[in-house]
Amino acid sequence: MAVVGIDDLAIYVPRLYIDYKDFAEARGIDPQKLEYGIGIKKMAIADTNQDPACMAANACLKLMQKNHLHPQDIGRLYVATESALDESKALNSFVIGMLEQVYGEGTFEHAGGIECKFACVSGSYALHDNANWIRAEENNDKAAIVIVSDIAKYDIGSAGEYTQGAGSVALLIKENPRLMAFDPKVASTVIKNEYDFYRPFGKETPLVNGGYSNLLYLIQVRKAFDAYKEKALKTGLIKLKEGEAITDYIDLFSVHLPYRRMGEKALAYLLRHEWRHLPRWQHVIKEVGMDEPTPKDPRGTIESILADTQFMKADEQFRRGFMQTSFYNEVYERKMASSLEASTVIGNLYTASMYMGLRSLLEFEYKKGTDLTNKRIGFGSYGSGSSAMVFSGLIQPTYKDVVKDMDLDLEIGPRVKLSIEEYERLHRNERGFSDAVTNAQREFVLVKVGGSTADKAGFRQYSYVS
Ligand code: CAA
């Protein structure tokens with residue numbers, strides 16, 4: 001079977017941001033809650049002339065330019081997003097239109113692709129569908145590009161407001177990739193009809209059941225991980241010896257990151273699940289200083305867990321204690337911390353957040369001097385509504401060619417801090433796209449929505465500013 005995976009990735013992050021201290025002061029929140037309880041210092045905010053389509057095109061253009069790709073090298077261009085611009089017209093069609101402004105009209109005509117939606121997990125489905133398209137040799141020697149692009153926008157004054165952000169990641173999917181090859185036959189999913197987080201038609205901000213969504217994320221990723229484990233053992237990808245956990249064979253973790261702390265909690269939940277039946281658990285318990293609580297209802301459904309307030313309280317206490325142990329912290333520092341750096345200074349990117357986490361993991365592990373050759377990354381992708389996908393990949397010996405030039409600050413460019421008043425004006429859409437805060441440079445921007453006649457309603461026009 002062909003070796004397929006991620007050859008390279010490029011990012012685009014709007015330069016506007018709000019600072020957590022200003023935000024905390026304006027909302028009367030302790031800044032320590034944002035810095036440590038959530039794990040946010042800067043949230044990227046889209047300018048008036050930026051939307052998920054032009055951010056996606058900007059990330060894609062960077063990816064193509066740095067790899068000297070021509071549209072003829074690309075057979076498929078997918079965009080995964082939960083910030084769709086049209087009920088019918090797919091977001092990737094706007095991106096194709098923008099790219100053809102640079103590469104020439106009709107240069108992508110031979111290619112294909114769609115917009116994908118399933119909250120934050122759809123990018124992972126898109127990656128695997130395209131990897132399988134290449135494995136099936138339907139690709140005529142061409143590569144695929146998957147772009148994940150979103151603006152995470154919550155109501156002013158809501159608990160979600162400090163988990164906002166915006167940005168895109170474009171991923172190049174190829175045979176014999178330089179960066180990471182997907183482990184074959186182990187990608188695993190779960191799916192269930194849920195209302196933890198959703199955005200009805202016509203509504204700009206989501207309706208969220210915060211606590212429920214947090215727990216559902218943990219449960220769904222854990223279930224997908226169980227399915228992954230079964231496949232990894234069955235296919236012989238991982239062989240366990242007595243007393244070992246499958247997480248011992250995952251060298252690095254990259255998970256969905258609505259906010260940094262959620263990643264830390266996801267790792268804790270997974271390790272507890274994998275370790276509690278192993279000999280090492282008694283040493284963990286000793287360090288935590290309390291027994292792990294068990295819910296009254298052994299079925300452990302999300303409803304029964306949430307209704308069991310006594311268990312929830314004790315479990316919170318145990319989870320906090322577990323996250324203080326040397327056992328957790330050793331794994332956290334070695335396998336996850338680097339993937340969370342970008343989230344702290346950019347915020348939530350919905351579909352793009354886990355892939356920005358991957359980008360962060362590679363850059364900051366490289367800067368630490370870690371040799372990543374043949375290291376296995378385990379991915380925990382979650383989308384509200386809800387579905388989770390767990391998969392893994394092996395970092396290739398050629399990864400340094402791609403990673404050595406990665407520099408998050410340089411790639412974002414000089415950032416512009418918004419006052420809370422300016423941010424709120426942008427949030428309420430009070431500034432038109434011709435009144436942008438930043439000056440666009442070598443990027444696509446939105447220049448017009450709608451036309452003079454009714455048949456051009458919703459017609460979006462973009463332009464490349466050189
Ligand atoms: N100093 C330090 N820490 C503090 C503090 C202080 N003064 N005050 C509070 N904290 C800590 C709390 O102890 C808590 O820490 P733990 O998680 O370790 O317990 C943390 O800050 C968060 O505080 P709260 O528990 O009070 O939570 P909140 O009311 O601020 O809400 C949230 C947090 C539920 C995530 C909310 O921001 C929200 O609804 N966000 C949107 C939904 C979301 O992101 N869900 C995640 C899963 S769903 C998903 O992932 C899809 C997606 O992208 C949306």
Side-chain angles (χ1 to χ4, degrees), residues 4-7 9 11 80 116 118-132 146 148 169 171-173 177 179-191 217-232 235 237-238 246-258 260 262-271 273-274 331-332 334-343 349-365 372 374-383 386-396 399:
V4 180
I6 301 172
D7 186 76
L9 73 177
I11 61 169
C116 304
F118 202 126
C120 310
V121 74
S122 59
S124 302
Y125 279 93
L127 278 189
H128 282 81
D129 289 356
N130 279 287
N132 288 332
V146 171
V148 276
V169 180
L171 301 121
L172 182 63
I173 314 302
L179 204 51
M180 188 196 80
F182 292 125
D183 285 327
K185 302 182 183 180
V186 287
S188 301
T189 53
V190 292
I191 189 164
Y217 167 128
L218 299 175
I219 292 174
Q220 294 291 72
V221 171
R222 195 258 297 152
K223 283 184 178 170
F225 193 79
D226 282 344
Y228 166 88
K229 184 161 77 174
E230 205 180 310
K231 285 185 177 178
T235 58
L237 181 77
I238 295 173
I246 199 140
T247 44
D248 300 344
Y249 288 84
I250 293 178
D251 304 301
L252 299 154
F253 286 95
S254 180
V255 299
H256 172 51
L257 294 174
R260 181 186 179 120
M262 190 72 221
E264 298 170 2
K265 286 200 220 179
L267 180 66
Y269 196 81
L270 210 54
L271 292 180
H273 180 66
E274 291 304 311
V331 176
Y332 168 72
R334 191 161 48 90
K335 300 189 178 188
M336 176 173 269
S338 293
S339 76
L340 309 180
E341 296 301 318
S343 173
L349 305 181
Y350 290 161
T351 51
S353 75
M354 190 177 83
Y355 295 98
M356 187 62 81
L358 168 64
R359 169 70 177 67
S360 178
L361 181 68
L362 295 167
E363 175 176 336
F364 292 101
E365 282 301 313
L372 296 176
N374 292 328
K375 297 273 189 240
R376 171 162 291 122
I377 308 183
F379 294 86
S381 190
Y382 176 68
S386 85
S387 179
M389 180 187 271
V390 168
F391 58 97
S392 58
L394 265 200
I395 301 185
Q396 299 297 291
Y399 80 94

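Since the model is a prediction, treat every value here as computed from it, not as a measurement.
- Within the model, atoms OH of Tyr382 and CG of Leu257 stand 14.5 Å from one another, a figure rounded to the nearest 0.5 Å.
- Side-chain contact between Ser338 and Leu361 is present, with at least one heavy-atom pair separated by less than 4.5 Å.
- Leu252 and Arg334 get closest at one heavy-atom pair: CD2-O, 3.8 Å.
- A side-chain donor from one of Ser124 and Tyr355 sits under 3.5 Å from a side-chain acceptor of the other.
- Ser381 and His256 share no donor-acceptor pair across their side chains, judged by distance under 3.5 Å alone.
- A donor-acceptor pair is defined here as one N or O able to donate and one able to accept, closer than 3.5 Å; no such pair exists between the side chain of Ser343 and the backbone of Leu340.
- There is no side-chain donor-acceptor pair under 3.5 Å between Glu341 and Ser360.
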For a quick test of your reading: what N or O donor-acceptor pairs under 3.5 Å do the side chains of residues 262-269 make, sequence neighbours left out?
residue : atom : partner : partner atom : Å
Glu264  : OE1  : Arg261  : NH1          : 2.8
Glu264  : OE2  : Arg260  : NE           : 3.3
Glu264  : OE2  : Tyr332  : OH           : 3.3

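- For the pair Val390 and Ala224, the tightest heavy-atom approach, listed with the atom from each and the gap, is CG2-CB, 3.6 Å.
- From Phe182, atom CZ reaches atom NE2 of His128 across 5.0 Å, with rounding to the nearest 0.5 Å.
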Applying side-chain contact (heavy atoms from CB on, under 4.5 Å) to Val4 and Ile173, what does each step give before you reach the verdict? CA-CA 7 Å; Val4 180; Ile173 314 302; 4.0 Å; yes

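- Atom NZ of Lys223 has 12 or fewer heavy atoms from other residues, nucleotides or ligands within 6.0 Å.
- Ser188 approaches Lys231 most closely through the heavy-atom pair OG-CD, 3.5 Å.
- Ser254 places a side-chain N or O within donor-acceptor distance of the main-chain N or O of Met354, the cut-off being under 3.5 Å.
- For the residue pair Leu9 and Leu358, the shortest heavy atom distance occurs at CD1-CD2, 4.2 Å.
- The shortest side-chain heavy-atom distance between Ile377 and Ile395 falls under the 4.5 Å cut-off.
- With 3.5 Å as the limit, one finds a donor-acceptor pair spanning the side chains of Ser387 and Tyr125.
- Residues Thr189 and Phe391 form no side-chain contact, since every pair of their non-hydrogen atoms from C-beta on lies 4.5 Å or further apart.
- Taken to the nearest 0.5 Å, the SG atom of Cys116 stands 7.0 Å off from the CG atom of Asp129.
- In this structure, Asp251 and Lys335 have side chains that are not in contact, with every pair of non-hydrogen atoms separated by 4.5 Å or more.
- Closest approach of Ile6 to Leu179, counting heavy atoms only: O-CB, 2.9 Å.
- A 4.5 Å side-chain heavy-atom check between Thr235 and Val186 finds at least one atom pair inside the cut-off.
- To the nearest 0.5 Å, the span separating OG on Ser392 from CD1 on Ile250 amounts to 6.0 Å.
- Salt-bridge formation is detected for the pair Arg376/Asp183: a Lys NZ or Arg NE/NH1/NH2 atom is positioned less than 4.0 Å from an Asp or Glu carboxylate oxygen.
- Residues meeting the side chain to side chain donor-acceptor pair (under 3.5 Å) test with Glu363, sequence neighbours left out: Arg359, Lys367.
- Distance check, rounded to the nearest 0.5 Å: CD of Gln220 to CE of Met389 gives 13.5 Å.
- The closest side-chain heavy-atom distance from His273 to Asp226 is below 4.5 Å.
- With a 4.5 Å cut-off on side-chain heavy atoms, Leu171 and Val148 count as touching.
- For the pair Leu372/Tyr399, a side-chain contact is recorded, criterion being any heavy-atom separation below 4.5 Å from C-beta on.
- Atom OG1 of Thr351 and atom CE of Met356 lie 10.5 Å apart (nearest 0.5 Å).
- The side chain to side chain contact (heavy atoms under 4.5 Å, CB included) check on Thr247 picks up Phe225, Ala245, Phe253, Leu271, Glu274, Trp275, with sequence neighbours excluded.
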